[in-house]
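Note that ligands are numbered from 1 as they come in the structure, with each ligand's atoms numbered from 1 the same way. Side chains are part of it too, since the values below use all heavy atoms of this structure and drop only hydrogens, waters and symmetry mates. Here the structure is a predicted model, which is why all the values come from computation and not from measurement.
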Amino acid sequence: MDLNAKIYIAGHRGMVGSAVHRFLKKTGYTNFILKNSAELDLINQHAVNIFFEAEKPDYIFLAAARVGGIMANNTYCADFIYQNLMMESNVIHAAYKIGVKKLLFFGSSCIYPKFAPQPMKEESMLTGVLEHTNEPYAIAKIAGIKLCDAYRAQYGCNFISVMPTNLYGPNDNYDLQNAHVLPSLIRKFHEAKLNNEPSVTVWGTGTPRREFLHVDDLAQACCFLMENYDEQGLVNIGAGEDVTISELALLIKEVVGFQGTIQFDHTKPDGTPRKLLDVSKLASLGWTYKIGLREGLKSVYAEYSTQQLSN
Ligand code: GFB
């Protein structure tokens, strides 16, 4: 991508899109097309086609998506499959029609089977049954990957797919019902500390294992792949290390400085027992993560607590 390339970041206000935007700006890119959902409804195919005809971007980061944690996925399952299918179909087809130079699609590690061998290799996709709490979302994301590969195979489009692990960082969602575990626990421990509560409740058994990657690392990896990867299939992006939810809770408790105890609510779902990505493909291309979990947690907690003070 030359520095004057016209880059459309779909979903630039979300955690992933905003991180890609920050990284590209820092690298020297200046020519962005940014539209919020009120300005461009990506579910509306007609609106998407008009926008692409008028703007003709060179490169696209397709980060727009309906996302959420385990409870949001389980509750809004129709919205998750419908909205994601529509957005990715509309953008990918329009990108083909106007002949963009390259498009990068964001999948999710939940596309792998619930009991996939760990760490999960790219070849594991479509080899087994999905985790039921996020099956509709996962099917929409698998469809997006297949769209990219099909447009590459039939029309020669340079569309690639990346598979991020569980992410955290600036512009995350801290809504207790709909967020992912890491921001939810930051908020729970922070509020418990301020209110001198005796304990914090963590959902599930605490035994599931998850891998976490700072979104600034993800953004850097995506820009690296935009420059260095032109093939079908997906590329995992992760740290290659995981922790149990109990270990995560203890780490957040320590970073926040909460003195009370941790309780587990066994009525809440655990989801997939383990989700650790095999990142050897990305490593062989020449990229590894930089921000460790403790360091990343400290920086997001510093940002979160400062924001709370100013609210
Ligand atoms: O992050 P999370 O919501 O999603 O939950 P998944 C991860 C684990 O943390 C589950 C536990 O075992 C939860 O039960 N957990 C403990 C909590 N306390 C909490 C809490 O306060 N809030 C939340 N949210 N979880 C999502 C998928 O799966 O991950 C999506 O549903 C997507 O489709 C995303 O793939 C990355 O890791 O289980």
Location of contacts on K275 toward ligand 1, heavy atoms closer than 4.0 Å: side chain
Geometric class of the H190/Y301 ring pair [parallel <30°, tilted 30-60°, perpendicular >60°]: perpendicular
Residue and atom name of the nearest protein heavy atom (relative to atom 21 (O) of ligand 1), distance in Å to one decimal: K188 NZ, 2.7 Å
Identity and separation of the nearest protein heavy atom to atom 27 (C) of ligand 1: N134 ND2, 3.2 Å
Intermediate values then yes/no, side chain to side chain donor-acceptor pair (under 3.5 Å), K281 and Y229: CA-CA 11 Å; K281 182 171 177 179; Y229 186 76; 3.1 Å; yes
Note: K268-D265 ion pair, threshold 4.0 Å (strictly below): yes
Under-4.0 Å heavy-atom contact with ligand 1, by part of A179 that carries it: backbone
Side chain, backbone, both or neither: the part of I70 lying under 4.0 Å from ligand 1 by heavy atom: both
Ligand 1 contact by G68, heavy-atom criterion under 4.0 angstrom: yes
Shortest non-hydrogen separation from E88 to F105 and the atoms involved: OE1-CZ, 3.4 Å
Minimum non-hydrogen distance to atom 36 (C) of ligand 1, winning option of T165, N166, T201: N166
F51 ring center near Y8 ring center (under 6.0 Å): yes
Shortest protein contact, atom 34 (C) of ligand 1 (heavy atom only): H180 NE2, 3.2 Å
Short N or O distance, P269 and ligand 1, threshold 3.5 Å exclusive: yes
Minimum non-hydrogen distance to atom 10 (C) of ligand 1, winning option of T272, I262, D270, V67: D270
Protein contact of atom 8 (C) of ligand 1 - nearest heavy atom, named by residue and atom, plus distance: I245 CD1, 3.7 Å
Whether F264 and H266 hold their rings parallel, tilted or perpendicular, with breakpoints at 30° and 60°: perpendicular
Closest to atom 16 (C) of ligand 1 (judged by heavy-atom distance), picking from F212, Y137, W203: W203
Heavy atom of the protein closest to atom 30 (C) of ligand 1 (residue, atom name, distance): N73 ND2, 3.4 Å
Distance from atom 32 (C) of ligand 1 to nearest protein heavy atom, with residue and atom: S108 OG, 3.8 Å
Minimum heavy-atom distance L276-G240, with the two atoms named: CD1-C, 3.5 Å
Y112 and N236: CA distance, side-chain angles, deciding distance, side chain to side chain donor-acceptor pair (under 3.5 Å) verdict: CA-CA 11 Å; Y112 292 117; N236 287 338; 2.6 Å; yes
Heavy-atom closest contact (A239 atom, Y289 atom, distance): O-CE2, 3.3 Å
Test of proximity, V181 against ligand 1: N or O pairs below 3.5 Å: yes
Within-cut-off N or O pair, R210 and ligand 1, under 3.5 Å: yes
